[in-house]
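The structure appears right after this line, and notes come after that.
Residue numbers count from 1 along this sequence. First listed ligand is number 1; within each ligand, the first listed atom is number 1.
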Amino acid sequence: MKSPKYVYLFEEAEGTNKKLFGGKGAGLAEMTHMGLPVPPGFIITTEACISYDGNKRRLPKGLMEEVQAALKRVEEKTGKVLGSPQSPLFFSVRSGAAISMPGMMDTILNLGLNDETIEGLIQITSDGRFAYDAYRRFIQLFGKIALGIDEREFDQILIKEKEKCGALLDTDLDADCMKDLCDQYLTLVKKKTGSPFPEDPMVQLRLAIEAVFKSWMGKRAVAYRKEFGITSEMANGTAVNVCTMVFGNMGFDSATGVAFTRDPGTGENILYGEYLTNAQGEDVVAGIRTPKPIQEMKKEMPKTYREVERVRKTLEQHFHEVQDFEFTVEKGTLYILQTRNGKMNAQALVKTSMDMVQEKLIIKKKAVLRLKPQEMEQLLHRRIDPNFKGKPIAAGLAASPGAASGKAVFDADEAERLGKLGDKVILVREETKPEDIHGFFAAQGILTSRGGKTSHAAVVARGMGKPCVSGCEDLHIDPKGREATIRNTHIKEGDFITIDGSRGEIYLGEVPTVDPEVSDDLLTLLSWADEVRTLGVRANADTPEDAMKARRLGAEGIGLCRTERMFNATDRLPIVREMILAGSRERRAEAIAKLLPLQKSDFKGIFRVMEGLPVTIRLLDPPLHEFLPSAEELAAELRNLEGVEEAFSTMKNVSEAMKSLDPSFRESLKLLDHVVSDIVEIKEKRLDRKLIRKQQETLRKVKEMMEVNPMLGHRGVRLGITYPEIYRMQIQAVLEAAAELIKEGLDIQPEIMVPQVCTAQELKWVHQLVQKVQNDVERRYGIEIEFKFGTMIEVVRACMRAGRLSEVADFFSFGTNDLTQATFSFSREDAENKFLPLYNQRKILQDNPFEVLDVKGVGRLMMIAIEWGRKTQPDLKIGICGEHGGHPESIEFCHAIGLNYVSCSVPRIPIARLSAAHAELKEKEREKTEGKPIKPYEEHIPEIDLSIFF
Ligand code: PEP
Ligand code: MG
C-alpha cells in the first residue's frame, strides 16, 4: 500500500483542514494563500504523528525523504541553505494540533545553528551578540525538549554568567558573555547526554520532529486534553510546522509580538496586543520581560503599526472571527507567524458577537454558537461587593475577569495538595509555565508578578474562566521562603488574599463578593438563542422572589416548585410539626386548617409573578421526619428536662435549710423565696412532668417514624395516600389560589405534579382526590379552573409503566436526581463522598452522573418512558426538573430525545437557553452534513425494538 503524503509546503496545504494540518499549520497555509507575509516552510501532518505513536515511536517510512524534498523547495525560495556557513537557513519547529492547546506541546527555535553556521550568521548580521544569543536559546530549548535535560541546569548557568558579567537582565549580556554561555551550555549537553551536541542540522531536524511528536503524548498534553474533554475525534495527533526563522532580536528595528484583532478582555473593536523590540517570540508569551502595549508601536514603528492594522482587517474579513496572531519584525520587515481564532472571555465574546453581527461579518446564528454555554458561566462570575470600602494593596494587569479569594500558595504542587483537601487557593508566581497546569486546575485564581495579558498565566486562566491578575510588579516573591512582599506587606503561604481579575487588583484577606448581573448585550444574544431553540426553559423556583428572578432571566414557567421548602419556613415549621405529631384526625385537621391559608398565599404570590406562564407545583415529597428534630436532639433535651425536674425538687428545700442554719439569711433569701414559690406552683400543677411527657411522646413518635432507608421509604405519593388530608390541603390551596386570581382576571396556569409515583394506581388515586377538590372549589368560586395534572418520573418502575401513567397524566417531568440514584442504586451523598472521585479517576465512570446525565443508563430509561408515554398520548408534554436540566450536554440530550422543556435552578436559566439553541443549531448542522437527522445519542445507544415489551 502506498503510504500517504506526510509533508506539505505551506502553499500546498489546505487551509481548512485542521484535522490533518493542525490549527497552526492550517492557519499558516491559509495566510500563505491569502498573500500575507508568512515565511516559507512546510507542515508534517498529524497522520505522521499518529503513525509515529502507533509504530513504537519510529518515524514513518519515507518521511525524512519527503522532508528533504520540501526543504529543498524552501531553500530555493529563500536562497538560503540549511547548514550553510555562508548563507544559513534556520527553522522554527512548532507543534500544532487541530484544537489549540496553548503551551502544552513543544517548540524549538533557531534550529540549524551549530559551530559553523553561527559564523555565517555573525557575518550576515555583523552582530555577534545577536548570533550567540540565538545559539544559546537554541541549545537550551533543544537540550530541554529533544535531549531531555532539566531546564533549570541551563538557568543556573545563566544566573552565574549574569553575575560574572555584572548583568541585570539577559539583554545586558554582551557578545563575549553570550559566547561563553554557549560554550558552557554545550559542555552541559555533553556531560548530561554523554555525546556532543548534534551539529548536523538534519539530525537536529529529525530529533526536533520526534520531540514534537512525543510531546503529543506528554504528561502535560494528556492532562490538558483530559481536563478540556478533547477527544481523538476532535484532535488526533499533532502536526509539525517547520518554518523559516525570522528574527525579532536583530536590533531595535526588529520586534516580536502577539496581537488580537479585537480586545479579548472587553471585546472592543481595537487592535490589541503587546510587543517587545529586539526580542524573540517566546519572550512575550513566557512573560520573561514585560512587553509594551501595541499602541506604543504607533510612535515607535509607525510603518509596521500600519501594516499590522492592515493585517488585522484582512484576517477578520477572511476568517469572520476574531484572530489571535503572532508576528515578528525583522529589520523593519513584518512577518506573520501564526493565526488562530482568538480565545476570549465570555464578556468579550458577547460584545464581539453584537458588533460583528452589526458589521455583517457574521449572522445571528453564528453569534449564538460563538458563545459556549460553559463559557457563559464566566459571566455569572462573582465580583467584589461594590459596598466593600477596603483598598487594594497593589495592582497588576486585569488578565482574566472575576474575583476570587484563597490562601496564597507559591507553587503548583502545593496548590494541588491544598486544593485536594478542599482549601481555596490563589496560585502566586513570578510567571507560570505549562508544567504548572495542575496548579491552575486546583486554584481559584492566579496572580503573577511578571508577564502581560498574553503571558502563559493570562491565556490559560482566561481559557479556564478563572480570575487572573498578571504583571503585578510590586509583588516580590520568595518561593523558597514561601512568602511574598508587596511594599511593606508580607504575605506568608496560607494567608488569605483576594484578586480581582476584572480590575487587576489585589487585596489582603477574604473580601466579600457579589453575584454578577446579566448585561443588555447578553440579553440580546439570549433573545437570538430564543429565536432558534425549540426546547422550552423553565425554572425550579419555590418563592415569589425566585420566580421573579427566573422570569427576568427568561424562564417560560416554573417546572418545579418544591412545596416542602415552604413548610420549612420558621413560621410554618411549628404548625407542620403539630400536623405530623397530632394524635388524632381532628387534631391533624386543626393543624392543616392553619396551614391552608399560608400555602394558598404562597401559591398566589408565585402565580401572580408568573402570570400567563405555567407553574408546576409538586405535592409534598420528603419523608415527614425531615420536619422533626432528630431522636438524638430530642433525647438530649429530655435529659436536660429531667435534670431540671430534679433540680426543682431540691431547690424547694434550699431556702428553708439555709434559713434554719442562719436566720440572718432571711432578708437576702427573699428573691429565692419568690423563685421557690413559682417552682412549687409548677410542681403542684405538674407542669414539669407534663413537659417531660410531651417530650417523651415526641421522641416516641420520632422513633416510630424512623426508617432504615428514608429516601426509599414513606415519602412522596406514598405519604399522600396514607395522609390524604395533607395532599387534599395542598390541592385545595393550589386551586383556591388560582380561582381567586382568575377572578381578578389573571391568566393562571397551574400544574399539579405528584412525586415518586411508581404505579398508575397511585396516580389514579391522587387524580380522583384532585377531581373531588376541584369540584368543590369550582362550585364554591363559581368558575371553572383549567389546570394540568401530571407526574414526576423518578423511579425506574415509572419509566417501565409510562404507557399506563400517561393514561392519567397530562405531563411527565423527569426527576433525574432520584432517577439517577435509582438507576445506579447509589445514594448521592454516599457516592460523592466515598467512591465517585475514585471511580472518575480510574475511568470506571467518566463523569459524576449526578452532574452529567448518564445517557447510556438513565437516558435510555428516559427514552423508553418517552416512547411508551407518547404511544398512549401522542401530545404528552414532557420535561425534566432534576439538576441535569441546567447542564449543557445533558440539555442537548434532552433536546435530542424530544423533551418539551428543561427546568433548572434560577441562575442557570441563561445557560439552559443558550444550550437549547446550540442543541437545535447543531442538530440542523448534522442534518445538513450527514444528509439525515442524526441524534447525538445514537452513537451511544443501539437501536432496539421497544414494541416487544408492550
Ligand atoms: C429529582 O429527583 O430529580 C427531583 C427534582 O426531585 P428532588 O431533587 O426534590 O428529589
Ligand atoms: Mg426527586
(Q) Tell me if a side-chain donor or acceptor on Thr872 pairs with a main-chain N or O of Glu807 at a distance below 3.5 Å. (A) no
Q. Taking the minimum heavy-atom distance to atom 4 (C) of ligand 1, which of Thr816, Ile793, Asn817 ranks first?
A. Asn817
Q.
Within a 6.0 Å radius of atom NZ on Lys420, are there more than 12 heavy atoms belonging to other residues, nucleotides or ligands?
A. no
(Q) Within a 6.0 Å radius of atom CZ on Arg700, are there more than 12 heavy atoms belonging to other residues, nucleotides or ligands? (A) yes
Which residue and non-hydrogen atom of the protein lie closest to [atom], and at what distance in Å?
atom	result
atom 10 (O) of ligand 1	Asp818 OD2, 3.0 Å
atom 6 (O) of ligand 1	Arg618 NH1, 3.0 Å
atom 7 (P) of ligand 1	Arg562 NH2, 3.5 Å

Q) Once rounded to 10 degrees, what value does the angle at the Mg ion (ligand 2) take between OD2 (Asp818) and OE1 (Glu794)? A) 90°
Q: Quick one: sort the Phe607 and Phe603 rings into parallel, tilted or perpendicular, breaks at 30° and 60°.
A: tilted
**Q.** Evaluation steps, side-chain contact (heavy atoms from CB on, under 4.5 Å), between Leu735 and Ile752
**A.** CA-CA 9 Å; Leu735 296 181; Ile752 294 173; 4.3 Å; yes
Q. With a 6.0 Å cut-off on ring centres, are Phe826 and Phe835 close enough?
A. yes
Under 4.0 Å from a heavy atom of [X]: give me the atoms of ligand 1 that qualify, with their elements.
X	answer
Leu560	5 (C)
Glu794	1 (C), 2 (O), 6 (O)
Cys881	5 (C)
Gly815	1 (C), 2 (O), 3 (O)

Q) Is it true that the side chains of Arg577 and Thr698 contain a donor and an acceptor less than 3.5 Å apart? A) no
Q) With backbone taken as N, CA, C and O and side chain as the heavy atoms from C-beta onward, which portion of Met792 lies under 4.0 Å from ligand 1: side chain, backbone, both, or neither? A) side chain
